[in-house]
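Written out below as structure tokens is the structure these notes cover.
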Amino acid sequence: MNVETSVLPESVPESVPESVPESVVESQAADDVLRCTDLRRSFGKVKAVDGVSFRIRSGETYGLLGPNGAGKTTIISMVSGVLEADSGSMEVDGVEMHPGALAAKAAIGYVPQDVALYPDLTGRENLRFFASLYRIGRRQAQDRVEEVLDIVGLTERAGERVEKYSGGMKRRLNIAVGLIHRPRLLVLDEPTVGVDPQSRNAILSSVERLSTEGMGVLYTTHYMEEAERLCDRVAIMDLGRLIAEGTPRQLTAQLGDAEHIRLTLEGDPTRAVAALRELPPVTGVTGTGDMVDVLVPDAESSLPQVIQVAAGHGTVRSVTVEEPDLETVFLRLTGKRLRD
Ligand SMILES: Nc1ncnc2c1ncn2[C@@H]1O[C@H](COP(=O)(O)OP(=O)(O)OP(=O)(O)O)[C@@H](O)[C@H]1O
Ligand SMILES: [Mg+2]
């Protein structure tokens, strides 16, 4: 496994180059909306988060990408001050975060998967209510409510009662609630899971717009397509740790010359995976259902051998050479697929 940053091409700068003057480094640090250092949290014997550090700058969308149980929600809950860390430190917009830190919490818009909305009230009335909780004055609240409705694309439906909303519309209203106090950092936990395509698109567009306007965004997902579309930087997580971090381009560049062959196999994929693992050029292999993913340095030259070995354990139905992506990176680093 070769994931050192030294394998990155020279044209892709890694964080701050050495030649950058100290003053510039400082001003970038001052622009951080979130700094997490060595966060840890266990539940019994499970190390849900096991020494995690990262930072998010203003205007940056930062993605935590990882499979079920990787520790994404645990990180988000600590960052948002709803769960105490066992150790480590967090600063939100320069203010230390812990469950009693009101100033730090005010700088965050935390959107959990389900917020208690009032079904009898309209979308607009719900937002006015949450604005009043933040003690935003009446006139200002009116403007803010229209502003956040516009961001999430619900202006047209704002006069309807929430009980009439689809799941995706409720999710968008949740995001609007998270934005009502104009936070510096928006924290979204898998916001598109289980929503209809129209709402999913609206959510992704809202995040893109907010980021352009300078908001920092912490976004968790196990959809690598979303991470690739939205995130300036991505941390790939597994078992409570960040196992790689960088722009999507940097991360796929770390693969060097790895190429990704995908087979569908009718037969015994588990035995095919075991046999393929023994082939010398194969640097990674995994099977999910009838799909087998194989990493090799050169797909063209290895293809006949790979197909021959797979065919020894079933009927090969299709073979494709995939463009390396974040899924490939995850497979290379962990030997697993992001989604089973
Ligand atoms: N309240 C809790 N009590 C016990 N174990 C927990 C608790 N919360 C999380 N865990 C465990 O900690 C680990 C990380 O869970 P977490 O929910 O942070 O993962 P995740 O990356 O958000 O996963 P998912 O994609 O399924 O949402 C898992 O092993 C989980 O079972
Ligand atoms: Mg989660």
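Computed from heavy atoms alone, side chains included, the values below leave out hydrogens, waters and symmetry copies. Counting starts at 1 for both ligands and their atoms, following the listed order. In this text, all values refer to a predicted model and were calculated from it rather than measured experimentally.
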Original post:
What residue and atom, counting heavy atoms only, is the protein's closest point to atom 27 (O) of ligand 1, and at what distance?
Top reply: E190 OE2, 3.6 Å
Original post:
Is there a side-chain hydrogen bond (donor to acceptor under 3.5 Å, both in side chains) between T286 and D293 once you walk through the steps?
Top reply: CA-CA 5 Å; T286 182; D293 290 281; over 6 Å; no
Original post:
Any idea which protein heavy atom is nearest atom 25 (O) of ligand 1, and the distance to it?
Top reply: K72 NZ, 2.8 Å
**OP:** Using a strict cut-off of less than 4.0 Å between a Lys/Arg side-chain nitrogen and an Asp/Glu carboxylate oxygen, indicate whether R124 and E146 qualify as a salt bridge.
**Re:** yes
**OP:** Measure across E245 and F54 and return the closest heavy-atom pair with its distance rounded to 0.1 Å.
**Re:** OE2-CB, 3.7 Å
Original post:
Which ligand 1 atoms does T73 reach within 4.0 Å, using its non-hydrogen atoms?
Top reply: 17 (O), 18 (O), 20 (P), 22 (O), 27 (O)
**OP:** May I ask you to decide whether E226 forms a salt bridge with R200, counting only side-chain N to carboxylate O separations under 4.0 Å?
**Re:** yes
**OP:** Report, in ascending order of atom number, the atoms of ligand 1 lying under 4.0 Å from any heavy atom of A70.
**Re:** 19 (O), 20 (P), 21 (O)
Original post:
ring-ring contact (aromatic ring centres under 6.0 Å, His included) with H260: which residues, sequence neighbours excluded?
Top reply: none
Original post:
If you measure from the Lys or Arg side-chain nitrogens to the Asp or Glu carboxylate oxygens, is any gap between D31 and R57 under 4.0 Å?
Top reply: no
**OP:** For atom 29 (O) of ligand 1, grab the closest protein heavy atom and report residue, atom and distance to one decimal in Å.
**Re:** V46 CG1, 3.6 Å
Original post:
So, R209 and D150, do they make that salt bridge, N to O below 4.0 Å?
Top reply: yes
Original post:
What protein heavy atom sits nearest atom 10 (N) of ligand 1, and how far away is it?
Top reply: F43 CD1, 3.4 Å
Subject >> Verify atom 31 (O) of ligand 1: protein non-hydrogen atom under 4.0 angstrom away >> reply: no
Original post:
Does ligand 1 have an atom that lies less than 4.0 angstrom from a heavy atom of P67?
Top reply: yes
Original post:
Does the N or O separation between G71 and ligand 1 drop below 3.5 Å for any pair?
Top reply: yes
Subject >> Nearest neighbour in protein (non-hydrogen) for atom 12 (O) of ligand 1 >> reply: A48 CB, 3.2 Å
**OP:** Return the residue, atom name and 0.1 Å-rounded distance of the protein heavy atom closest to atom 23 (O) of ligand 1.
**Re:** G69 N, 2.7 Å
Original post:
How many protein N, O or S atoms sit closer than 2.8 Å to the Mg ion (ligand 2)?
Top reply: 1
Subject >> Closest candidate by heavy atom, reference atom 18 (O) of ligand 1, pool D50, T74, D189, T221 >> reply: T74
